[in-house]
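Positions are given from 1, in the same order as the sequence printed here.
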Amino acid sequence: MEGIFKTYPIKDATQKDAVTYVSILFSLAQVDELDQKEDEAIRLLVSENGWSKDIYQDAKAIKSVTIESFNFSPETIRVFGPYLIRDLCAIAHVSRGFSEKEDALIDSVREKLGMSDEIYSLIKVSVQAQLEAVKSWSKVLPA
């Protein structure tokens with residue numbers, strides 16, 4: 001997982017924006033019960049972006065966040081959408097792989113963002129390949 005979460009496309013994002021973003025990731029992870037690996041991945045995302053640890057706690061406490069709660073401009077959504085889908089896919093992969101519930105939730109977010117099925121498929125394949133490459137590379141490095 002290291003490295004996959006290092007980029008976040010919104011410059012000058014507020015703490016509220018980050019909490020909402022992370023809340024959507026929690027919503028996905030909790031759709032089939034949050035496990036330790038998913039929780040660790042979300043903590044890593046918060047850390048990799050240099051966000052306050054409060055963001056993790058505040059986001060975990062929110063139970064019903066929606067993509068509409070971002071209230072961003074179409075341009076921001078266009079730039080931000082692929083990153084959100086990427087991070088949702090990474091969280092889905094991190095424990096037991098994509099469940100049908102996770103895929104359905106990500107697909108509904110994709111639809112609300114106005115992203116095509118083709119782009120979603122490319123992101124899914126790219127995330128899986130990146131995670132497999134990180135896992136393989138970690139086996140090569142000395143312990």
Rounded to the nearest 0.5 Å, what separation is found between the [atom1] atom of [X] and the [atom2] atom of [Y]?
X	Y	atom1	atom2	answer
L44	D39	CG	CG	11.5 Å
R86	L122	CZ	CG	15.0 Å
M115	R78	CE	CZ	11.0 Å

- prompt: With sequence neighbours excluded, what pairs up with S136 under the side-chain contact (heavy atoms from CB on, under 4.5 Å) test?
  reply: none
message: Tell me if a side-chain donor or acceptor on S47 pairs with a main-chain N or O of R43 at a distance below 3.5 Å.
response: no
- prompt: Between D107 and D103, is there a donor-acceptor pair closer than 3.5 Å when you use the side chain of the first and the backbone of the second?
  reply: no
task: Have a look at K60 and tell me which of L34, V19, L25 forms a side-chain contact (heavy atoms from CB on, under 4.5 Å) with it.
output: L34
[X]: partners by side chain to side chain donor-acceptor pair (under 3.5 Å), with sequence neighbours left out:
X	answer
Q36	E40
Q30	none
D35	S95, R96

- request: Only counting residues at least two apart or in another chain, list the ones meeting ring-ring contact (aromatic ring centres under 6.0 Å, His included) with Y56.
  value: F26
Nearest heavy-atom neighbours spanning [X] and [Y]:
X	Y	answer
K101	V31	CD-O, 3.6 Å
A41	I91	CB-CD1, 3.6 Å
A92	I106	CB-CD1, 4.2 Å
L88	L28	O-CD2, 3.0 Å
L105	S27	CD1-O, 4.2 Å

message: Any non-hydrogen side-chain atom of K124 less than 4.5 Å from a side-chain atom of R110?
response: no
- prompt: Would a 4.5 Å heavy-atom cut-off, applied to side chains only, mark I123 and P82 as touching?
  reply: yes
message: Are I24 and I119 linked, directly or through intermediate hydrophobic residues, by side-chain heavy-atom contacts shorter than 4.5 Å (ILVMFWY only)?
response: yes
field: Criterion ring-ring contact (aromatic ring centres under 6.0 Å, His included) on Y21 and F80, from CA distance to verdict
entry: CA-CA 10 Å; Y21 188 91; F80 150 87; 5.5 Å; yes
- prompt: Would the number of heavy atoms belonging to other residues, nucleotides or ligands and lying under 6.0 Å from NZ of K112 be above 12?
  reply: yes
- request: Could you go through the side-chain contact (heavy atoms from CB on, under 4.5 Å) check for E38 and D32 one step at a time?
  value: CA-CA 11 Å; E38 291 168 327; D32 61 357; 4.1 Å; yes
- line: Residue set satisfying salt bridge (Lys or Arg N to Asp or Glu O under 4.0 Å) with D58, at least two apart, ordered chain then number -> none
